[in-house]
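In what follows, chains are A, B, ... by sequence order, proteins preceding strands, each numbered from 1. Since this is a predicted model, take the numbers as computed values, not measurements.
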Number of protein chains: 2
Amino acid sequence: MATKDSRAAGLAALASLVADETRAACLLALLDGRAWTAGELARHAGVAPSTLSEHLGRLVAGGLLAQERQGRHRYVRLADTRTAQLVEDLAAQVTPAGTARPRTLRESSAGSAMARGRTCYDHLAGRLGIAITDAFTERGLLRQDTGFALTDAGLRWYGAAGIPLDRSARRPLARACLDWTERRPHLAGAAGAALCRHALDAGWCVRIGSERAVRVTAPGERALHELLGIGREALC
Amino acid sequence: MATKDSRAAGLAALASLVADETRAACLLALLDGRAWTAGELARHAGVAPSTLSEHLGRLVAGGLLAQERQGRHRYVRLADTRTAQLVEDLAAQVTPAGTARPRTLRESSAGSAMARGRTCYDHLAGRLGIAITDAFTERGLLRQDTGFALTDAGLRWYGAAGIPLDRSARRPLARACLDWTERRPHLAGAAGAALCRHALDAGWCVRIGSERAVRVTAPGERALHELLGIGREALC
DNA sequence: TGGACGTTTCGGCCGGCGCCGAAACGCCGG
DNA sequence: CCGGCGTTTCGGCGCCGGCCGAAACGTCCA
C-alpha cells in the first residue's frame, strides 16, 4: 500500500502542475518548441509577472520546464520531448470534447493558419503534417496498418533526400501524434523532427509571426511535390 | 486568445481530475482493467465512503470512468483504452524520478509478483510482458527499430496461433507502453490486448488474488516455449 | 416486513493555493 | 553612476475543494 501511495502521490503531484489554467496556458504556448521569457508568458496568460514567476518556479522544480537565464531575462522551454509528448497527449484528450470555436476575426484567421500548418513541438502538424503523413503512407515509406513505423523504403527516402536521421538515440524513430485540428495521427518522433528541422532549414516553410503556424514557400511546394508527390491542393 | 484559453481551461480541468492523491490512487488501481465497487476503492484509498463517492462522481462526469450500477453496488472502470493509455503515460512519467521502494515484507513479495508479471489495463507487463515483446522482436514478428509495428510475419503468427485480431477497429494494432518496473517498452494496443485475453482464456496465466499480478501456469510455460521460444529462465 | 449494508447527500471545517500590489533585486544602457 | 526594466520576494486576501460524520436512500436477504 505504501508503494501505491507513493505512486499515487507522484501522479497527483505531476497532474497538479498541469491542473492550473495559467500553467496549462504556458505549457500549450511552449508547445511551439521555442524558449519564451517570463514576461512574454505573463502577457500571454494575462496575469501579473509576479504570479507567473511563481508558476515558472513550480514547473521548473517539477521537471516540466528547463530554464536558462540570460542577463535580466529568464528563458523557459519544455524540458524534453518526453514532456512535450505528454502535454500533446493530454491536450489531444481534451479537444475532441470541447469543440472550441474562434470568436473574433483575428482569432479565426490565426486559427485557419494554424489549421493549415504548424509545428507541434518539433514536428509538423495541421493539414501540412497530415498531407506528409498520408504521402509517406501511400508511397510505402510509412506503415500504419500494423502499428506506426517507417519501412525500409522510408529509411532509404531519408537518405536519398539528404535528411540526416539520428538512429542511435533512445527516442523512437517514428511515433504517432494525434492532430487536434485534423483529429488524425501524424508523423512524430525522431523522423518527424528531422523532417521538420530540414523543412525549416531548407526554406520549405517559414514561421508566421511569432506563433506556431508555418507557411509553405514556393520552393517548399516544389520540393514536396517532387519528393512526395504532394499537390498544392493538399496544402490549402 | 479565447481559443487558447478554452484549450488551457480544458487541459487544466482534465489534469485537475488526476491532481488529487485519492483519485490518482483510484485510477492506478483501475489500471488492472477490471471494475471495482465504490466501497472497494474507498478501502483501497483509505478514505470514507462518502468522500470516495464524490470523487467517483467527478471522475465519471469528467469522462475518465464509466460506471455501471448493479443493485446497491456501483461498479466503475476506466472509460476506454484511450483513458487507460493516458494514465499509463502519466504514471510512467512519474516513476523514473521517484524510485519507490517497498517497505514491508508483504509489499515486497507483492511487488516482486507484480514485477514478474501483471496486467497493464488490457495487456501483459512486467518481466512477462518484456519477455514476450523481446521474443516477438527476435523472431521478426515485431519491429522496433523504425517505430513500433507488427510485421507481416507477426500477423501470420497470430493467425497460426489461433488468436483473433480485430483489425477493423480504429485502435492501433501495436503500440509501445513503457513498463514502470522494467523501464522498457512492451507490446500494447489491439495485438497486446488480444494476446493477454487469449493467455487468460487459455489458462496460460492466472491472476493472483484480486490484484493485477499474474502467474504463468505450467501449460502456459509450454505454450510460450513452443510458440515463441521463451525459456523458463526469462519468466522468473 | 424489518434489519443489514452499500451508497449518496449535506453541513461544516480547514488547509492549500492562485491572485495581486508593493517593494526589492539585478542587469543593462545612457 | 544613475534610471529603466525584467524579474523575484513577500504579505495578505479570498476561494476552491478535500475531508469527515450524520442522516437519508435504496437494495438485498432472512
Exercise. Going by atom types only, do B:Thr119 and B:Arg207 share a side-chain donor-acceptor pair under 3.5 Å?
Worked result: yes
Problem set entry | Gap between atoms CH2 and P, on A:Trp36 and D:dT7 respectively (whole Å) | 13 Å
Exercise. Using 4.0 Å as the upper bound for N to carboxylate O, is an ion pair formed by B:Glu88 and B:Arg175?
Worked result: yes
Exercise. For the pair made of CZ in B:Arg72 and C1' in C:dC5, what is the distance, rounded to whole Å?
Worked result: 5 Å
Exercise. When you check the gap from the basic side-chain N to the acidic O, do A:Asp179 and A:Arg118 get nearer than 4.0 Å?
Worked result: yes
For this session: Assign the ring pair B:His198 / B:Trp204 to parallel, tilted or perpendicular, where the plane angle (0 to 90°) is split at 30° and 60°.
Result: perpendicular
For this session: In plain terms, say whether A:Arg34 and A:Asp32 are close enough for a salt bridge, that is, a side-chain N and a carboxylate O under 4.0 Å apart.
Result: yes
Problem set entry | Option among B:Asp122, B:Leu31, B:Leu64 that satisfies the side-chain contact (heavy atoms from CB on, under 4.5 Å) test with B:Leu78 | B:Leu31
For this session: Find the distance B:Arg43:CZ to C:dG6:P and express it as a whole number of Å.
Result: 7 Å
Problem set entry | Where protein sits on nucleotides 8-20 of chain D, one letter per nucleotide: B base, S sugar-phosphate only, - none, heavy atoms under 4.0 Å | BBB-------SSB
For this session: Whole angstrom is fine here: how far is it from NE2 in A:His73 over to P in C:dC28?
Result: 9 Å
